[in-house]
Amino acid sequence: MSLDELWAGWRSAYIESGDAGSGGDQPGDCVFCRIARAGDASVATGVVWRSDTTMAVLNAYPYASGHLLVMPSRHVGELDDLTPAESYGLWEGTTMAARALRSAYGPDGLNLGANLGRVAGAGVPGHLHMHVLPRWAGDTNFMTTVANVRVIPEALDVSWERLRSHWPAT
Ligand SMILES: [Zn+2]
């Protein structure tokens with residue numbers, strides 16, 4: 001599996017769900033804005049952590065257990081449009097997510113990445129989000145084998161509890 005193929009595999013599955021597909025990509029109307037409005041961290045929203053500017057959310061359609069999306073709470077599509085506080089928050093949240101994933105899952109490695117624009121594979125291109133997910137030696141081969149078969153080895157509420165308990169203190 002090439003890196004390009006892997007990247008394409010990260011195309012946010014939110015867009016594939018009926019709910020997100022009908023929600024459009026307008027400010028305030030996208031799936032991430034709806035999550036941002038839903039309030040504090042909870043199993044129901046999948047929000048694991050929030051700050052004044054930023055939130056970390058479980059991908060509802062993960063490619064690996066613990067697949068997190070770190071994003072500004074505000075609807076912003078481009079890095080250039082982030083405020084300094086939002087830029088800091090994005091990296092703060094990404095760093096925390098990486099630490100929590102290492103502690104909770106003990107992976108062999110991590111992928112961090114953002115797809116900017118639909119052609120780059122962004123499922124919700126108007127709302128910038130950083131993927132953070134654990135990787136294990138050999139898992140790309142596994143993913144090739146099960147191409148187009150979505151495997152969710154752990155229920156989302158289990159991932160949520162696990163990551164909450166391993167999330168670094170602020
Ligand atoms: Zn949005």
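Note that ligands are numbered from 1 as they come in the structure, with each ligand's atoms numbered from 1 the same way.
Closest heavy-atom contact between Ser65 and Tyr105: CB-CE2, 3.9 Å.
With the Zn ion (ligand 1) as the vertex, SG (Cys30) and SG (Cys33) define an angle of 120°, rounded to 10°.
The side-chain contact (heavy atoms from CB on, under 4.5 Å) test with Leu68 singles out one residue from Leu112, Thr94, Leu58, and that residue is Leu58. The side-chain contact (heavy atoms from CB on, under 4.5 Å) test with Met71 is passed by exactly one of Met130, His127, Glu86: His127.
The Zn ion (ligand 1) lies closest to atom ND1 when only the N/O/S atoms of His127 are considered. Between the Zn ion (ligand 1) and the N, O or S atoms of His75, the shortest distance is to ND1.
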Derivation of the side chain to side chain contact (heavy atoms under 4.5 Å, CB included) call for His131 and Asn111: CA-CA 7 Å; His131 294 257; Asn111 277 129; over 6 Å; no
